[in-house]
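All remarks here apply to the structure that follows.
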Amino acid sequence: MLRKLDESLIADLPPFSRLGRPEIREILDQAAPRRHEEGAAIFREGEEADRFHLLLDGHVRVLRTTASGEQVVLRHIPPGQLIGIAQAIGRTTYPATALAASECLTLGWPARLWPVFVSRYEGFASETWATLGRRLEELNDRVAELATKAAENRVAACVLRMANQSGRKVEGGGIEIAFPVTRANIADMTGTTLHTVSRLLSAWEKDGIVESRRRHIVVTAPHRLVLLSGTAG
DNA sequence: GCATTAAATAGAA
DNA sequence: TTCTATTTAATGC
């Protein structure tokens, strides 16, 4: 059995940041910690949503399965956020599959505790709505991009988004996307093909905007990516 | 401007 | 080796 979880693990995370030590303790004592290998499913689309989770460490790749059986990447989620919160949107099954994009550590609670958390813990509900709101806002941006922007703009915006949300500073001043991501993953999220993404990344690398190895991308000139995204400047 | 197709190369298991 | 990721060129809408 694991040691007691330390309160500092979640005390500063938005859903719990307004709570006192006794409440944090109470919440942790009901949590089941789990480690997920890279590529493992944390939960799957269509399954009974019997738990909700907090992503403590690692990154999650969210997938939808199409009618023809193909999986497409919808988004990536950085650590510190709640995931699998079907209860928050009135669902009893998970709307999508969550894979560990890198090794992940999660805390899970039984779904029956959802209404308890919402009513009992100050700020839990409002922070959850805020998180869902931000995801919706990002989705709106992406739909607008799909309708109005060229492929290069969309891929630039996507890479920039991942660098902002999940970037780690690397020596030399670049920002590395902190989880393994393929050209095909980016193609899914931008409505392009892996060939187009490959061609763009190669061109950007020649221009000194990014450096990429297989499954790893470092953004070396973020400001130039902003220009390429066609969002500002 | 991009997708599609195809073929070659290279890294990882 | 076999599987997966990536690159590059040719072709077409």
Side-chain angles (χ1 to χ4, degrees), chain A residues 34-45 57-79 96-105 138-172 174-233:
Chain A
R34 262 167 65 192
R35 204 178 62 89
H36 308 266
E37 302 285 345
E38 180 179 330
I42 299 170
F43 51 82
R44 288 187 183 280
E45 178 179 352
D57 194 30
H59 284 80
V60 162
R61 180 146 37 231
V62 179
L63 311 173
R64 267 288 179 100
T65 305
T66 66
S68 50
E70 293 157 313
Q71 298 201 313
V72 291
V73 178
L74 300 182
R75 67 186 316 123
H76 290 94
I77 298 184
T97 295
L99 295 187
S102 52
E103 184 178 320
C104 285
L105 184 61
E138 183 193 309
L139 207 50
N140 287 347
D141 288 344
R142 288 168 54 191
V143 171
E145 283 170 13
L146 271 177
T148 63
K149 304 284 188 180
E152 182 172 40
N153 301 141
R154 308 201 301 270
V155 173
C158 180
V159 170
L160 212 45
R161 221 171 255 130
M162 291 189 291
N164 284 333
Q165 295 172 358
S166 309
R168 75 161 72 104
K169 286 227 163 68
V170 91
E171 50 183 305
I175 304 167
E176 178 176 21
I177 294 170
F179 55 89
V181 63
T182 66
R183 276 78 180 138
N185 293 155
I186 295 173
D188 284 350
M189 292 185 288
T190 53
T192 60
T193 64
L194 70 97
H195 313 272
T196 295
V197 175
S198 174
R199 189 177 47 75
L200 289 170
L201 285 175
S202 295
W204 295 344
E205 178 134 25
K206 265 195 203 89
D207 281 354
I209 299 170
V210 303
E211 284 168 10
S212 66
R213 303 170 284 144
R214 143 190 282 238
R215 308 212 302 161
H216 290 275
I217 298 175
V218 178
V219 180
T220 49
H223 57 287
R224 298 189 58 197
L225 260 193
V226 172
L227 295 182
L228 287 172
S229 75
T231 297

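Sequence lines set the chain letters: A, B, ... in the order given, protein chains first and strands last, and positions in each chain run from 1.
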Ion pair check, Glu145(A) and Arg161(A), cut-off under 4.0 Å: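 Salt bridge: yes.
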
Are Glu211(A) and Lys206(A) ion-paired here, with the side-chain N under 4.0 Å from a carboxylate O?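 No, no charged N to carboxylate O under 4.0 Å.
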
Say whether Gln71(A) and Glu45(A), considering side chains only, have a donor N or O and an acceptor N or O under 3.5 Å apart.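 Their side chains do not contain a donor-acceptor pair, so the 3.5 Å distance test is not met.
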
Classify the side-chain pair Arg214(A)/Thr182(A) by whether it contains a donor and acceptor separated by less than 3.5 Å.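 Short answer, no.
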
Pick out the pairs of N or O atoms, protein on one side and nucleotides 8-13 of chain C on the other, that lie under 3.5 Å.
unit_1 : atom_1 : unit_2    : atom_2 : d
dT8(C) : O4     : His195(A) : ND1    : 3.1

So what does Thr196(A) touch, heavy atoms closer than 4.0 Å: a base, only the sugar-phosphate, or nothing?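 Touches sugar-phosphate only.
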
Categorize Leu194(A) for me: base, sugar-phosphate, or nothing, with a 4.0 angstrom heavy-atom threshold over every strand shown.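 Counting heavy atoms under 4.0 Å across all strands, the contact made by Leu194(A) includes a base.
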
Contact list please: residues 207-217 of chain A against DNA chain C, heavy atoms, distance less than 4.0 Å, in numerical order.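 Going residue by residue through residues 207-217 of chain A, the ones with a heavy atom under 4.0 Å of DNA chain C turn out to be Arg214(A), Arg215(A).
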
Of the residues in residues 146-162 of chain A, which ones touch DNA chain C at a heavy-atom distance under 4.0 Å?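 Within this stretch, nothing sits under 4.0 Å of the strand.
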
Kindly determine whether Val181(A) and Ile217(A) satisfy side-chain contact (heavy atoms from CB on, under 4.5 Å), including the steps that lead there. CA-CA 8 Å; Val181(A) 63; Ile217(A) 298 175; 4.1 Å; yes

side-chain contact (heavy atoms from CB on, under 4.5 Å), that's the test. Do Arg142(A) and Met189(A) meet it? Break it down for me. CA-CA 9 Å; Arg142(A) 288 168 54 191; Met189(A) 292 185 288; 3.8 Å; yes

Look up atom SG in Cys158(A) and atom CG in Asn153(A), then write down how far apart they are to the nearest 0.5 Å.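 Here the rounded value is 13.0 Å.
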
Whole-Å distance separating the CD atom of Gln71(A) from the P atom of dT4(C):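 It works out to 14 Å between those atoms.
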
Quick one: is dA5(C) close enough that its OP1 or OP2 comes under 4.0 Å of any side-chain N or O from Thr182(A)?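 Negative; the distance criterion is not met.
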
Closest non-hydrogen atom pair between Ala41(A) and His36(A), with its separation: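 Heavy-atom minimum between the residues: O-ND1, 4.3 Å.
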
Check the pair Arg168(A), Glu176(A) against salt bridge (Lys or Arg N to Asp or Glu O under 4.0 Å), reporting the backbone distance first and the verdict last. CA-CA 5 Å; Arg168(A) 75 161 72 104; Glu176(A) 178 176 21; 3.3 Å; yes

Check the pair Val60(A), Cys104(A) against side-chain contact (heavy atoms from CB on, under 4.5 Å), reporting the backbone distance first and the verdict last. CA-CA 8 Å; Val60(A) 162; Cys104(A) 285; 4.1 Å; yes

